[in-house]
Amino acid sequence: MQFAGWLGMFAASTAVLAGCNGTDAADQSVAASQLAADECPSEGVALQVLGSGGPIAEAARAGTSYLLWIDGEPRLLIDAGAGSFLRFAEAGGNLATLDAILLTHLHADHAGDLAGILNSGGFEGRTDPLPVIGPDAAPRFPGTSEFLERLMSKEGGAFAYNGGYLDGTENKPLLRARDITTADGSGEASVLDISDDFSVTAHPVNHGVVPALGYVIEAGGKSVVITGDQSAASTLFAERLAATRPAILFAHHVINGEQGQPRGLHRTPSEIGELAGVMEPDQLVLTHNMNRSLSRIDDSRAAIGESYSGNISVAADLDCYPF
Ligand SMILES: [Zn+2]
């Protein structure tokens, strides 16, 4: 993860040069501070935000992605949004030590770089099977297993040359796909049998017509919660996790104010606050940030603060959160 530090230094010097050249120095310095991310510790458990952004291409924010670290090893990749290919490398991620890949849903800002990350990992020589777990299918959304088939099947996949991932040949690890039943957010919670070092539960959430999941990761007696993209219709999610007091709640912060759109797909800031108020995390981290939501961040903090009085932070790419 040393590379993240090098990158921060490079970004800082780039910002200085940009200022000398008369470009917008203020914007450049913001980008530099966002990239000078904390390094995850070599001992203990941490969740790193690889990509803190959303579907709109904006400077310094990749699409959503997280990496779970245990004692300095990357163990779990959660989402692989567009741009996370580069952040995965900057963080020091590799396929070799991953126990699984989890997907919250199959929008491009959450799964768009999966093919690239797998393509890169194909050079590592890993042969142990790798679970890939995500939501089931709905109209215009393949389930997770079909998504992988469409990407890499030797029979008509977009990247058929990587079809070894689907049968464990050609020096590729076999991807073991699992589709979790979501049922618009009313499906059962599923405990995933991935590792003895940590546990993961997949929770169906409502994201409009999009099959979607949130995740709870527990390790060392503590837990973190990733909301994924979810609307306030995710009532079962809130009920099941009421008063669980996770160390950190990572909430996807998309909507600009209380009247912003698209409300049928995402929680408004006050609805994020209500979820945090019910769950009672030690810390709330806002991620999936976009320029439009950050432009009213003070309003978001105030709306959240009506229901949740704990610490609120705003994630940048590569920020690391030990827990
Ligand atoms: Zn999204």
Side-chain angles (χ1 to χ4, degrees), residues 34 47-67 77-88 101-117 132-144 147 180 182 184-185 202-216 224-234 237 249-257 260-269 271-272 275 284-297 300 304 314-319:
Q34 287 166 337
L47 193 68
Q48 185 169 25
V49 176
L50 296 183
S52 64
I56 300 172
E58 295 172 342
R61 292 189 190 275
T64 295
S65 185
Y66 304 87
L67 195 57
L77 176 67
I78 304 110
D79 277 353
S84 61
F85 170 84
L86 190 59
R87 298 293 187 244
F88 185 69
I101 296 173
L102 310 179
L103 298 169
T104 62
H105 64 293
L106 298 178
H107 273 155
D109 57 319
H110 296 259
D113 270 8
L114 182 61
I117 288 173
V132 179
I133 301 162
D136 58 354
R140 300 182 71 186
F141 290 91
T144 300
F147 180 72
I180 305 285
T182 53
D184 294 332
H203 287 268
V205 296
N206 178 275
H207 186 33
V209 299
V210 188
L213 298 164
Y215 289 101
V216 178
V224 294
V225 177
I226 296 170
T227 64
D229 287 10
Q230 64 169 262
S231 74
S234 306
F237 179 81
L249 169 62
F250 292 88
H252 291 195
H253 176 235
V254 179
I255 293 185
N256 177 355
Q261 294 295 331
R263 295 194 60 181
L265 294 176
H266 297 281
R267 288 180 180 272
T268 63
E271 289 165 347
I272 289 174
L275 183 66
L284 172 63
V285 174
L286 301 178
T287 186
H288 202 299
N289 299 301
M290 301 165 71
N291 287 343
R292 67 180 188 187
S293 51
L294 292 174
S295 70
R296 297 179 60 177
I297 186 64
S300 291
I304 292 167
V314 177
D317 281 21
L318 296 172
D319 279 356

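Counting convention: from 1, in listed order, for ligands and their atoms alike. Just so it is clear, the values below take in all heavy atoms, side chains as well, and ignore hydrogens, waters and symmetry mates.
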Atom name in D229, limited to N/O/S, at shortest distance from the Zn ion (ligand 1): OD2

If I take every N, O or S atom of H288, is at least one of them less than 2.8 Å from the Zn ion (ligand 1)? yes

Is the ring pair H288/H252 parallel, tilted or perpendicular, if the boundaries are 30 and 60 degrees? tilted

Spell out, as yes or no, whether a donor-acceptor pair under 3.5 Å connects the side chain of S65 to the backbone of D79. yes

Could you check whether S231 and N206, counting side-chain N and O atoms only, form a donor-acceptor pair closer than 3.5 Å? yes

Do you know which N/O/S atom name in D109 is closest to the Zn ion (ligand 1)? OD2

Looking at the Zn ion (ligand 1), which N/O/S atom of H110 is the nearest one? NE2

Classify the angle between the aromatic ring planes of H107 and H105 as parallel (below 30°), tilted (30 to 60°) or perpendicular (above 60°). perpendicular

